[in-house]
Amino acid sequence: MKKIGVKVEALSKNFDDVKALKQVSIQIDKPGLYGLIGPNGAGKTTLLKCISSLLVPSEGDIHLNGDRVSPKNLAIRNKIGFLPEDSGLYDRLSAKEFLHVMAGMSGIPKDVRSNKVRDVVEYIGIDFPPSKIVKYLSTGQRRLLLLASIILHEPDIIILDESLSGLDPINRERISEIMRRLAKENIVIFSSHILSDIWRLCEKIYVLNDGSLIVEDNPDSILSRMTDDSFFVTSKINIEEVKDYLEKNKFVQEVSIQGERIIFRLKDFSKANQLVGEMLEKFEIVSFGPNIPDLDQIFTRLVDAS
Amino acid sequence: MREIFSTQSKSFLFKEWKYIRRKILPLSIGLAIFGFLTVILLLALPYLADFLESLLPEVTPEMSIQSFMDSTNSIVSIIAVILCADAIAGEREQNTLVLIQTKPISPVSVILTKLAVRYLLVLISTIAGAIAVFFGTWAFIGLPDIQSFIVSLIVYAITLFTYMSIGILISTIAKSQISAGVISAVVILVITLISAFLMFEEFQPYNIFMMSVNLSMMEFSPTNIAIVCVVLFLLGSALIAVSVLAYYSEKELTRKKV
Ligand SMILES: Nc1ncnc2c1ncn2[C@@H]1O[C@H](COP(=O)(O)OP(=O)(O)OP(=O)(O)O)[C@@H](O)[C@H]1O
Ligand SMILES: [Mg+2]
């Protein structure tokens with residue numbers, strides 16, 4: 001396997017008096033999908049741009065595959081494929097010409113360019129005619145074209161800034177699938193401010209808030225950290241009655257109402273079945289289960305905790 | 001030098017060419033008509049007002065050439081810098097600069113390619129205008145001196161390079177195409193106006209921005225012409241170097257834009 005890796009050491013970036021990144025360190029040394037998440041203005045784009053050598057850090061160092069990133073180092077740019085958050089495309093070219101230009105600008109010699117373009121079009125699954133002028137492509141088609149254009153030179157490290165935002169569910173799934181495929185051999189880092197985007201996909205999640213890296217962990221352990229051993233129950237009509245019933249039960253403690261849900265803990269887990277049985281008989285119970293916070297709650301809690 | 005002819009630069013050139021090429025025909029036709037009109041206007045001037053007839057000297061082919069070179073030096077130069085306005089500022093506005101900045105293409109080739117295609121466009125159109133003037137003058141006034149006309153055009157070509165480097169530099173540091181276009185046009189206007197008002201005879205050999213115009217009416221030594229050309233070229237190159245540095249420091253993204 002190729003030796004690949006991203007190493008960010010104590011990275012800080014200031015824009016005049018705005019501290020966009022504060023001492024961020026990240027180390028990734030095997031292929032996979034890595035999610036960067038954080039609220040608007042957290043510094044995700046800034047971090048990804050620093051890694052892609054589009055911004056010069058104020059402090060700290062970045063190494064890709066062992067080579068130091070700097071704007072002078074033109075060769076390192078071919079190790080990276082960077083999908084910008086709000087990039088334009090060359091509107092007057094056709095999709096095919098655009099890919100050829102981008103391939104050429106990556107230094108792919110003319111004689112192999114056509115093959116490369118054809119392979120990538122197939123890999124990405126571009127289904128609109130390549131002769132179509134870029135100007136007339138839809139947002140989803142543009143995203144696919146841009147994604148194709150950044151992997152033409154077969155980069156080891158693929159950086160996608162908000163690659164899933166603004167797309168319909170079908171295209172999201174399509175691009176997620178491409179990302180999963182790319183992640184088999186490459187390091188794919190992508191940002192989002194929607195946790196559910198990242199959740200199903202990533203090996204590891206980095207949470208950035210206000211310029212600092214606050215969490216770095218895999219989804220499962222984040223989830224288990226966020227989950228306590230409480231349960232929830234929802235009922236169609238008599239929510240207060242259920243609450244009363246639970247409060248009187250001697251195996252139950254800490255009963256509270258959160259929106260539609262009644263949350264409670266059990267003193268003795270072995271009594272769970274019995275309790276459910278009794279409740280089903282007495283009330284119109286709609287659902288019951290362990291109280292796992294939804295992704296938005298996890299996100300909010302992670303950010304609030306910092 | 002090798003990087004200027006690299007695969008990267010050639011592809012970038014292709015893209016630039018795609019954007020510029022459709023302007024060539026309209027601009028060439030426009031300038032040819034413009035050239036022809038300068039001849040007609042010169043001939044029509046005495047008839048516009050009776051009193052002018054006695055005041056104006058007889059129209060000579062040299063006058064025709066000079067009036068063309070004079071209007072070219074101001075009008076074509078302004079068109080040229082406006083065409084430069086979109087060079088970098090345009091990419092910045094369209095958010096496509098990042099596509100270039102993530103590719104291993106050197107700032108020098110980016111700036112030179114941007115300049116080269118625009119320069120070629122204006123040069124071709126100016127030649128179209130010059131041909132129109134030459135034949136117009138020949139047909140209606142008399143055969144102009146070809147040799148001195150060509151020397152004037154060559155000197156103008158170098159002046160144009162300097163002007164367009166100003167345009168490229170302004171486009172590199174400006175925030176938008178519009179502001180780049182307006183600022184460049186004003187700068188060129190000021191330069192040509194100041195140069196035109198410096199009319200003392202003894203200053204003309206050093207009046208670098210007017211050399212292409214003056215050549216058709218005055219005698220200059222070949223060394224003098226060569227020195228002016230070298231000065232213009234060095235000035236243009238220095239401006240290009242500054243543009244490359246400015247483009248390079250774009251990466252910092254901390255600089256305030258004009
Ligand atoms: N070029 C710049 N000049 C000045 N400030 C900037 C610049 N770029 C970013 N910032 C500031 O840095 C901070 C981080 O911005 P960044 O774009 O990295 O956030 P983000 O996490 O990508 O947000 P979003 O989810 O909205 O894309 C913000 O406060 C932003 O205003
Ligand atoms: Mg962002």
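In what follows, chains are A, B, ... by sequence order, proteins preceding strands, each numbered from 1. Because the structure is predicted, anything quoted here is derived from the model rather than measured. What's counted below: heavy atoms across the whole structure, side chains too, no hydrogens, waters or symmetry copies.
- With a 4.5 Å cut-off on non-hydrogen atoms, A/Pro109 touches chain B through its backbone but not through its side chain.
- Using modelled atom types, one side-chain atom of A/Arg77 and one backbone atom of B/Lys103 make a donor-acceptor pair closer than 3.5 Å.
- Interface remark: A/Ser149 contributes backbone atoms only to the contact with chain B (heavy atom separation under 4.5 Å).
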Might you work through the side-chain contact (heavy atoms from CB on, under 4.5 Å) test for B/Lys15 and A/Arg92, ending with a clear yes or no?
-> CA-CA 9 Å; B/Lys15 176 241 140 186; A/Arg92 289 189 197 157; over 6 Å; no
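- By number of non-hydrogen pairs under 4.5 angstrom with chain A, the leading residue of B/Lys18, B/Gln94, B/Glu93 is B/Lys18.
- Residues B/Gln101 and A/Leu54 share a closest heavy-atom pair of CB-CD2, 3.4 Å.
- Atom CZ of B/Phe134 has more than 12 neighbouring heavy atoms from other residues, nucleotides or ligands inside a 6.0 Å radius.
- Pairing each heavy atom of A/Gly104 with each of B/Ser11, the nearest pair is CA-OG, 2.9 Å.
- Taking each heavy atom of B/Val98 and A/Pro84 in turn, the nearest pair found is CG1-CG, 3.7 Å.
- In this structure the side chain of B/Pro104 never reaches within 4.5 angstrom of the side chain of A/His153, judged on heavy atoms.
- The contact between B/Phe14 and chain A is made entirely by side chain atoms (from C-beta outward), counting heavy-atom distances below 4.5 Å.
- In terms of heavy-atom pairs under 4.5 Å with chain B, the best-connected choice from A/Ile150, A/Ile108, A/Ile80, A/Leu93 is A/Leu93.
- At a 4.5 Å heavy-atom cutoff, the contact between A/Leu146 and chain B is made by side-chain atoms alone.
- A 6.0 Å sphere centred on CD1 of B/Ile178 holds no more than 12 heavy atoms belonging to other residues, nucleotides or ligands.
- With hydrogens and angles left out, the side-chain atoms of B/Glu91 and A/Tyr90 include a donor and acceptor closer than 3.5 Å.
- For the atom pair CE of A/Met105 and OG1 of B/Thr102, the computed distance is 7.0 Å after rounding to the nearest 0.5 Å.
- Ranked by heavy-atom pairs under 4.5 Å with chain A, the list B/Leu99, B/Ile100, B/Ile105 is led by B/Leu99.
- Residue B/Gln8 holds its CD atom at 7.5 Å from CG of A/Asn78, rounded to the nearest 0.5 Å.
- Expressed to the nearest 0.5 Å, how far NZ of A/Lys110 lies from OG1 of B/Thr7 amounts to 10.0 Å.
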